[in-house]
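We name chains A, B, ... by the order of the sequence lines, and we start the count at 1 in each one. Worth knowing before you read on, the calculation uses all heavy atoms, side chains too, and leaves out hydrogens, waters and symmetry mates.
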Amino acid sequence: MVRGTLGRAFESHEAETRWYKYWLENGYFHAEDRSEKQPFCIVIPPPNVTGMLHMGHALNNALQDIVIRFRRMQGYNTLWMPGMDHAGIATQNVVEQELAKEGISRNDLGRERFVERVWEWKAKYGGMIINQLKRLGCSCDWSRERFTMDEGLSRAVREVFVRLYNNDLIYQGDYIVNWCPRCHTAISDLEVEYNEENGHLWHIRYPFVDGDGGIVVATTRPETMLGDTAVAVNPDDPRYRDIVGRSVILPLVEREIPIIADSYVTMEFGSGAVKITPGHDPADFAMAGRHNLPIIRIMDGGGAMNENAGLYRGQDRYVCRENIVADLKKYGYLLQVEPYLHNIGQCYRCKTDIEPMVSRQWFVKIAPLAKAAVAAVVKGKTRIVPATWEGTYFDWMNNIRDWCISRQIWWGHRIPVWYCDECGRIIVAAQDPQSCPDCGGTALTQEEDVLDTWFSSALWPFSTLGWPDQTEALKTFYPTSLLVTGFDILFFWVARMMMMGLYVMKDVPFRDVYLHALVRDEQGDKMSKSRGNIIDPIEMIDKYGADAFRFTLAAFTAQGRDVRMSEERIEGYKYFVNKIWNATRFSLINLEDYPEEGVSVSKEEESLPDRWIKARLGRTIDGVAGGIEEYRFNDAAAAVYQFVWHELCDWYLELIKPILYGNGDARSRLAAQHTLLYVLKTVLKLLHPFMPFLTEEIWYTLVPEGGAIMIAAFPTVEDGLRDPEAETNMGILMDTISAIRNIRGEMGLAPSKKLKVLIRTQDESSRSIVKAGKDYIVAMANLEDCAIRGDMEDLKGVATAIVGNLQILVHLEGLVDIGGEKARLEKEIAKINKDLAFVGKKIANRDFLSRAAAAVIQKEEGKYRQLCEKHAALDSALKKLLSLGP
RNA sequence: GGGCGGGUAGCUCAGAUGGGAGAGCGCCACGCUUACACCGUGGAUGUCACAGGUUCAAGUCCUGUUCCGCCUACCA
């Protein structure tokens, strides 16, 4: 097979489908349960089954795929474990909405039928995101794909629940929880988001039972007064000291409630007296515990007032508020209303105002679990990157509160608890029990509630690998190597995986956690439907190709920074794709007659550009590999971008053109072809983790029998690549060429005009470097002739530049523009004067000389000397220009 | 109220371990040179938020101020 040719442009869409299929068919994504190779494993943050790929997913998964492909190429037994989350409330909502269109509710259907419907929905519409991940190029081991509601994962959930329960780490009780009246369920503290809203502070007078007067309380939620069971003041408050212990009459309700003293009350706020509603306020609930107050719940699950609300029964809580306020006013209890800005807790899914409400729920006693999870990070068993997040992690873990895990919905893992209808005994078991172990009764009723979706997600790193079975995969891949996720779910998910992993597996779930930032729009705003600033990843892939899109994501992923995304930027990296494509086309054309089996080229046959580009390639390998290893994706991307565009294309390809076009001997042409092919192949491998499709397509054409690039070995820096001498020498030639080009541009000499140049230096070694590289200078600076001499006689009609110890004189011939050259030299000299003043001041400073490091002093003195020389050279050039004339 | 991150070129951002600043895009000029105009060559642009301090030397370390984000929190 011979090398092929490439079309005019990369057809991304066609290539993407073709190569993804090819990879799948060849099983390249598949990880071995057992292998001689070192394991490397990432578990995917499971997207919601209802989810569609958004920018956050795209970033998250592009980064994972970059690391995974990199490690796979490095020879690891690489597993990227994919799957989805059943997303209890979200999915139930979707299906309920579907039912609503048919005019029925889930209650009409009943639990069993409803859950069936959800499964049907999932089969039909669920998991769109999986196909979208494939469009991105994700190399997950799809043969292992899991779903949190799978039989196996459900078994893991039950098993963990039972263990926790038997260890007294799960309990049931009546506590105040965050209740979403729309979702009709309790949610955890984390699922509440607080937003500032303009409200009011109502001042209400509660009259004393005995005697005149009363006490004034201030509240933002007057409707909750129906559930008040006390009024509290601070024990140190002189205003109220005497009335503690007395009682007041709750207006409208006519209930007698006590005035109690509790140091929780802030004297300075409002009137210094607080109404206490233990049934509907977390702080009040806590106070009720301390003072043994009755707890009255006044609302139902939908946020409407219940039978305890008397006349207000059936009213929605906000309607009720208006009525209460009106009534208070009517009866003279309302003293004052002031505008008040405060935080309202809302359901993070549906934005409905949360109602704190007392109800019977299941909780995980979390402090002991959190303690171990903190210790693991302190000991460095798990590393959080960037490390600044460790502090946040510790703060949260150390102040953590028990986790409410029961949800009053139907879609999810039903809690493995049964109640004996006969004797009332609670049975907690992994397997459905047949009878009551106490009374032997067979009439058992299972707990209605399901578990928080995050409960099953917390088990993800080991449940997906087969736990509770001791599978080979589990032994090989746990603890996993890396977790990549957004910082927004550090608490929701990462922390809980840490706790569960340590509890169940006795080891951390992952060695490294890389937390990336959020994707925002170019203004820095969060992308959201309501803002209308969403960029759809799939649309971007269609338009610019997955490779350009992925590269853009990587290039903008600096640690600790949000990713600002705009279409323009993706387009910019599409240009990079095009550049790579065309550099390859150029190479292919010029490799046509290069033998497939290659040639062996000795060190001596290599040209300076050959040696130089290989040396630069070596540094690029370090940059890319180091960047990915340290999760500095922008650095890795920048390193390869810079190399391909500004070293390979801008310099190397241009430098070898004359050689390739046959201006030299056959051997040096072969040497250039050899190097070109080698460098191109290597850089494609460096690019592959970022641009899998493009590189595979090119690789296939360039190395038809080389197998897939995705399983090629990732380059390492061989000794032959290090060549500082070539870098230095080539650097001199490049600076020389740039200096001539600069004169051409500044002096307005046409690009097409071939110039005559004289390069002079008394330094032997520089002269020989330039002599050896003369042909490159002539070609790259478009010269008619380039003389290199050691004598320093005066010349007229030239423009001068100084590079190191080289004096570069460009003959201006007929078009002498003394004014132009004078201005150019003066500008240059002015710049040097400024630098000279600065460095001069420094090395004249006694303190600097006595205190700075020797190396620094040496460096500064060297700099000064060079500046002086350059200054002198330019100055004499200027003088000659003026004295000699045209 | 606490905590964290950030204010560097017109824009978006890089700048371990202190030695007077970089990239990409944009802008200006010139070029269709047989890979690429999704290109090439050259050029311009910065009181590194502000004020102090440490140091021979500060974008980089310390303190304070200010502005902007985010996280977190039971002052009703």
Once you apply a heavy-atom cut-off of 4.0 Å, does [X] come out as touching a base, just sugar-phosphate, or nothing?
X	answer
A:L201	nothing
A:R401	sugar-phosphate
A:W645	sugar-phosphate
A:E571	nothing

So does [X] reach the base of [N] with its side chain, donor to acceptor, closer than 3.5 Å?
X	N	answer
A:K579	B:C36	yes
A:E654	B:A35	yes
A:Y264	B:C74	yes

For a quick test of reading the model: is some side-chain N or O of [X] closer than 4.0 Å to OP1 or OP2 of [N]?
X	N	result
A:W389	B:C70	no
A:K657	B:U34	no
A:R744	B:G31	no
A:Y340	B:A76	yes

[N] - base-pair partner by Watson-Crick or wobble geometry, distances under 3.5 Å:
N	value
B:C13	B:G22
B:C61	B:G53
B:U41	B:A29

>> For A:M397 versus A:A495, what's the shortest heavy-atom pair and its separation?
In response: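 So the two residues come closest at CE-CB, 3.4 Å.
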
> A:A801 and A:R824: which non-hydrogen atoms are nearest, and at how many Å?
Replying inline: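 Result for this residue pair: N-NH2, 4.4 Å.
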
> Under 3.5 Å, is there a donor-acceptor pair between the side chain of A:R205 and the main chain of A:V216?
Replying inline: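 No.
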
> Considering only the P atoms, how many Å lie between B:G43 and B:A23, rounded to the nearest integer?
Replying inline: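 Approximately 12 Å lies between the P atom of B:G43 and that of B:A23.
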
> Just checking, A:R616 and A:W645: is the charged tip under 6.0 Å from the six-membered ring centre and within 45° of the axis?
Replying inline: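 Negative - A:R616 is either too far from the ring of A:W645 or too far off its axis.
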
> A:K574 side chain: which of B:A35, B:C38, B:G19 is closest?
Replying inline: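 That would be B:C38.
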
> Would you call the rings of A:F576 and A:F551 parallel, tilted or perpendicular if under 30° counts as parallel and over 60° as perpendicular?
Replying inline: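 Rings of A:F576 and A:F551: tilted, as their planes differ by 30° to 60°.
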
